[in-house]
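Values below: every heavy atom of this structure, side chains too, minus hydrogens, waters and symmetry copies. Bear in mind that the values here come from a model prediction, so they are computed numbers and not experimental data. Counting from 1, the numbers follow the sequence of the chain as shown.
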Amino acid sequence: MAFPPSITTAAAAKWHRGIFITTLLLCLSLPHYACGQETATIVDEATAAAAADDGGGDIMGEVTDLGDVVGDAMADLTEDLVEDLDSVDGGAVDDIAVEEEEEEPVAAAATDGDETVDADATDDVESSTSTEATATDEEAAASADSEAEAAAPVVQSGPYIDLLGDVLLSLEMVDEAHAQVHQHYTNEALAGKKVVGLYFSADWCGPCKQFTPDLVNFYDKMNARRGKQDEFEIVWISRCRTVDDFGQYFTQMNWLALPPNEAMGQRGQKLGELYKVQSIPTLVLLDEIGNVITTDGRNKIPMDKAGIGFPWRSPLSVLISTLVPKSFRLLVKSQLAGVLGLVKGVLLGKGGQR
């Protein structure tokens, strides 16, 4: 017989003892029950003989006494079994209660552990959130610095800044129907250029449309010469009437351009006056510091398509550029420009007084 897990060894022993006693009493009772059957028969026979003999009363008394003894024994056994079962049940209940009390601290400890783990996880999440927020703040600060640097204008100086301003444009064909315009700082775009051409032309000008393809071929040929690659640059000074016309005509060129608002505005007008542009197309060639090489590039190219004499410097100009360093020539030019400005101011002042 299997016992519940909560029943102790002593309780199990009591169970075994109760079962053993019950079995023993049953075994003892069966003979008496059989004997009772035989006794009933004998009693019947004895009753028949009792009429003749007076000893029958004693036999019946003995039988009655035997039944009383068996009944008392069964009652005592029942009481003992009930007490044993009560003690066993009480012990099992106590054992179960003890086990429940032992399980409660474990569960409480587990709950505390879970709360600790949850708290640690919360701390980790808060720490991770704080780290991410710090990283985000650093990225935002870096982005703000980059934007500030990008927004801050780059300070440029030099002869070509005075002539052309801070920004030049280039055009990139994305496909046959679309193009993209890029901006470049003037000094960066013209860095390393030995000859810079100022090309005055417009889309509405017939001679310009005929000369522009020839100029494109000449430009590519001069920049492909061995030892003189990319030393020649052209800046287009537009005479187009609208920005759309400017964009359409710019697609036929592969060099730089002055922004249309400046080319069609005051800067373009001053450049025309400075180089005495009377008609278009006109190609003015300048050296690396902005000195004029020739204002007749438009007629030089058809006469020297191979560019043998390019850029058609005068002998004196070639001698000066060879013997005098660029930095010294630039310094002399800036000083002369200052002196000429003072003289011009004085002359204008006197003219105003008159």
[X] vs [Y] side-chain heavy atoms within contact, under 4.5 Å:
X      : Y      : result
Tyr249 : Ser238 : no
Pro260 : Cys240 : no
Arg267 : Leu258 : yes
Leu171 : Gln180 : no
Arg313 : Val195 : yes
Val216 : Trp255 : yes
Ile280 : Trp204 : yes

Enter the distance from [X]:[atom1] to [Y]:[atom2] here, rounded to the nearest 0.5 Å.
X      : Y      : atom1 : atom2 : result
Leu285 : Thr294 : CG    : OG1   : 6.0 Å
Leu190 : Leu256 : CG    : CG    : 6.5 Å
Gln269 : Arg239 : CD    : CZ    : 8.5 Å
Asn254 : Glu172 : CG    : CD    : 13.0 Å
Leu283 : Ile234 : CG    : CD1   : 6.0 Å
Glu233 : Glu288 : CD    : CD    : 14.5 Å

Subject >> Enclosure of Gln183 CD (heavy-atom neighbours >12, cutoff 6.0 Å) >> reply: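 No, the 6.0 Å shell around CD holds no more than 12 heavy atoms from other groups.
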**OP:** Return yes when atom CD of Glu176 has more than 12 non-hydrogen atoms of other residues, nucleotides or ligands closer than 6.0 Å, and no otherwise.
**Re:**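 12 or below, so no.
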Can [Y] be reached from [X] by stepping across I, L, V, M, F, W or Y side chains whose heavy atoms are under 4.5 Å apart?
X      : Y      : value
Phe250 : Met173 : yes
Ile293 : Leu198 : no
Met253 : Met222 : yes
Ile237 : Leu169 : no
Val196 : Val277 : yes

Has [X] got a side-chain atom pairing as donor or acceptor with [Y]'s backbone, closer than 3.5 angstrom?
X      : Y      : value
Thr282 : Ser279 : yes
Lys228 : Asn223 : no
Gln248 : Phe246 : no
Asn187 : Gln156 : no

Give every donor-acceptor pair under 3.5 Å between a side-chain atom in residues 158-168 and any protein atom, sequence neighbours left out.
residue: Tyr160; atom: OH; partner: Asp287; partner atom: O; Å: 2.4

Subject >> Partners meeting ring-ring contact (aromatic ring centres under 6.0 Å, His included) with Phe310 (sequence neighbours left out) >> reply: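 Per chain and number, Phe310 pairs via ring-ring contact (aromatic ring centres under 6.0 Å, His included) with Phe218, Phe232, Trp312.
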**OP:** Could I get the full list of salt bridge (charged side-chain N to carboxylate O under 4.0 Å, His left out) partners for Arg298, not counting sequence neighbours?
**Re:**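 Arg298 satisfies salt bridge (charged side-chain N to carboxylate O under 4.0 Å, His left out) with no other residue.
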**OP:** Please lay out, stage by stage, how Val243 and Met264 fare under the test side chain to side chain contact (heavy atoms under 4.5 Å, CB included).
**Re:** CA-CA 9 Å; Val243 176; Met264 293 180 283; 4.3 Å; yes
Subject >> Where Pro213 and Gln210 come nearest, the two heavy atoms and their spacing >> reply: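 For Pro213 and Gln210, the tightest heavy-atom pair comes out as CD-O, 3.5 Å.
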